[in-house]
Amino acid sequence: MGLTMSISLNTCILILKEHHLLKSSAVQDTVPTKMDYISYDSRDIQTNTLFFCKGAGFRPTYLSMAKSNGAICYVAEQPFPEGKGMHALVVRDVTKAMALLSAAFFRFPQDDLFLVAFTGTKGKTTSAYFLKGIFDQMNGGKTALFSSVNDVVGPKPEDTFKSSLTTPESLDLFRDMRKAVDNGMTHLVMEVSSQAYKKNRVFGLTYDLGFFLNITPDHIGPNEHPNFADYLHCKLQLLVNSRKCIINAETDHFSEVYAAATTTTNPDSIFLFSREGYQNPELKVPVDFIFKSEETDLIETRFKLFCASDKAKHLAINGDYTLQMLGDFNEINGSAAIIGAGLGGATHEQAASGIRHVTIPGRMETEMTKDHGMVVVDYAHNKASMMALMGFMRKEFDNPKIIVVVGAPGDKGVSRRPGFSQSLSAFADKAFLTTDDPGFEDPMDIAEEIDAGIDHSKVDVTIELDRKKAIHEAIKMSGKGDVVLICGKGADAFQKIRGVNTPYPSDIVVARNVIKELEK
Ligand SMILES: CC(=O)N[C@H]1[C@@H](OP(=O)(O)OP(=O)(O)OC[C@H]2O[C@@H](n3ccc(=O)[nH]c3=O)[C@H](O)[C@@H]2O)O[C@H](CO)[C@@H](O)[C@@H]1O[C@H](C)C(=O)N[C@@H](C)C(=O)N[C@H](CCC(=O)O)C(=O)O
Ligand SMILES: Nc1ncnc2c1ncn2[C@@H]1O[C@H](COP(=O)(O)OP(=O)(O)OP(=O)(O)O)[C@@H](O)[C@H]1O
């Protein structure tokens with residue numbers, strides 16, 4: 001798409017100075033001062049590019065390559081001899097500089113969007129899709145989306161693409177926001193990961209609405225957060241940067257979360273929501289919205305939402321709602337989305353019809369069989385989500401036998417493995433431990449590690465490393481009234497094996513084929 005953007009060297013210097021980021025600059029008299037392209041990748045350079053030297057894997061040869069391909073200015077945390085002859089902007093933090101200069105280069109697209117952000121350990125994608133469903137109902141399909149499944153920057157099929165990061169790198173984020181605005185989008189719903197704050201991908205961005213869904217220990221490890229405190233700190237930044245804050249009152253660490261919201265937001269613009277009857281001594285302010293489960297069947301989730309406080313009563317979203325996705329945790333995600341829609345001007349009718357038919361690839365995809373009970377494919381892949389999923393099945397249905405197919409990825413999230421053992425011990429009757437994305441680890445070692453933590457007096461365990469076979473065995477042994485939960489990979493159509501994305505039909509396709517074969 002022919003974006004005709006540019007930024008002058010002077011503007012860059014002014015912005016960096018204004019934010020106290022500029023350490024030094026070297027301006028070349030004979031080099032143009034108008035930059036027509038920006039990039040952080042030497043393989044993606046055009047004439048007169050502004051180039052960012054960033055990242056753990058950055059090598060000075062990338063700067064040489066960028067220069068010979070047409071870059072005329074570089075931004076870095078130190079001067080590089082490879083950049084001789086280019087303008088140099090030496091900054092205190094290159095990721096912050098990149099976010100600020102990208103926003104300016106793409107002419108501040110956020111100013112033309114109603115911007116909503118979700119953070120939380122679990123439920124970001126689901127809530128974001130729910131809210132997009134409602135906004136689309138209100139604005140005729142003009143809602144952009146940045147999620148960990150798909151990104152959407154316009155109405156045409158080619159404007160929807162698979163995302164590579166939950167929250168894109170700042171330069172990509174502002175570029176895609178600009179595309180969304182130019183494509184006529186009026187709203188943007190985005191997931192904001194803790195890494196996005198850690199890496200300054202959203203530095204300087206203010207959201208109209210910011211949601212905090214929940215927090216449990218996760219993403220702690222060598223390439224993510226050194227400890228829980230750092231993870232929480234990063235997540236809290238979303239509230240510091242939101243005009244209105246909406247908080248799940250049932251989240252762990254509620255007091256810290258609420259305090260973060262009040263650092264920049266008046267309590268008049270902070271909204272809390274919880275399930276009916278929720279009590280918490282930490283809760284010193286009244287809850288604004290209350291939701292309550294209604295009777296659920298095997299297909300839909302029904303709940304009511306009430307506007308409880310005076311400030312909530314201005315919204316027209318009181319009433320009954322139906323979701324096509326099972327799981328009481330989806331009532332939390334649904335309520336969040338409906339409150340967001342209400343704050344964005346939606347009525348109950350728009351919210352109810354917009355949310356009703358939303359489904360999300362790999363989240364609570366459910367198949368009812370004749371003789372083998374219910375089969376669910378779900379992206380549950382840590383302790384909190386496994387507990388939520390199995391706990392819901394145990395509570396909601398008539399004490400079913402719970403058969404789980406699950407594995408843990410290799411090379412990352414090693415701390416999640418005991419969480420799998422604990423949640424299986426708490427709720428499962430039968431577990432098939434199988435292969436997830438083994439990466440460079442041996443999937444047998446991973447399965448044995450999970451198995452070692454399982455209470456075998458409660459759970460019968462089979463290790464079957466062939467994921468398709470494990471799914472087959474699980475459904476075959478499941479009887480009427482039982483539940484088969486296929487967890488961890490969601491809608492992935494590949495398995496990451498030794499650095500290669502090896503094609504895999506996806507759990508739901510495998511499950512449907514097994515059901516067809518067993519019930520023919
Ligand atoms: C830790 C982290 O944020 N890493 C991201 C970051 O890497 P980086 O800045 O260190 O860059 P790098 O990959 O080391 O490469 C260095 C630089 O050299 C450049 N380069 C490289 C090769 C070349 O020939 N020329 C060249 O110029 C690259 O473009 C890059 O700018 O920037 C890269 C894009 O520039 C991302 O792909 C990468 O994400 C990594 C792979 C990743 O997966 N991160 C995960 C932990 C993450 O962010 N996850 C969260 C979700 C968490 C959740 O589920 O909640 C997310 O938001 O997705
Ligand atoms: N509010 C919630 N509380 C607990 N578990 C949830 C909640 N919402 C969803 N889940 C579980 O977590 C899984 C992932 O949900 P979702 O993709 O919406 O979360 P996410 O925050 O985007 O996750 P991730 O950061 O891992 O991509 C679901 O498949 C479900 O099992």
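Quick note: residue numbers are just sequence positions, from 1. Just so you know, ligand 1 is whichever comes first in the structure, and atom 1 is the first atom listed for that ligand. Owing to the predicted nature of the structure, the values given are computational and were not obtained by experimental measurement. Hydrogens, waters and symmetry mates are skipped; everything else that's a heavy atom, side chains included, is used.
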Requested in this report: May I ask you to check whether T126 has an N/O atom sitting below 3.5 Å from an N/O atom of ligand 2?
Outcome: yes
**Report entry** Within-shell test, L389 vs ligand 2, heavy atom, strictly < 4.0 Å
**Finding:** no
**Report entry** For K54, atoms of ligand 1 separated by under 4.0 Å from a heavy atom
**Finding:** 6 (C), 8 (P), 9 (O), 11 (O), 16 (C), 17 (C), 30 (C), 31 (O), 32 (O), 33 (C), 34 (C), 35 (O)
**Report entry** Under 4.0 Å to a heavy atom of K199 - the qualifying atoms of ligand 1, by number
**Finding:** 1 (C), 2 (C), 3 (O)
Query - S42: numbered ligand 1 atoms lying under 4.0 Å from its heavy atoms - result: 23 (C), 24 (O), 25 (N), 26 (C), 27 (O)
Report task. Between T125, T119, L213, flag the one that comes closest to atom 22 (O) of ligand 2 by a heavy atom. Result -> T125
**Report entry** Aromatic ring pairing F58/Y62, orientation class (parallel under 30°, perpendicular over 60°, tilted between)
**Finding:** perpendicular
Query raised in the report: Can you list the atoms of ligand 1 that are under 4.0 Å from a heavy atom of E169?
Result: 6 (C), 32 (O), 33 (C), 34 (C), 35 (O)
Query raised in the report: Should you measure from each heavy atom of D41, which atoms of ligand 1 turn up under 4.0 Å away?
Result: 25 (N), 26 (C), 27 (O), 29 (O)
Query raised in the report: For ligand 2, which atoms sit closer than 4.0 Å to a heavy atom of E191?
Result: 22 (O)
**Report entry** N or O pair under 3.5 Å between Y379 and ligand 2
**Finding:** yes
Requested in this report: Say whether T121 and ligand 2 are in contact under the criterion: heavy-atom distance to a ligand atom below 4.0 Å.
Outcome: yes
Query raised in the report: Should M387 be listed as contacting ligand 2, given a heavy-atom distance under 4.0 Å as the test?
Result: no
Query raised in the report: Looking at Y231 versus H233, is the centre-to-centre ring distance below 6.0 Å?
Result: no
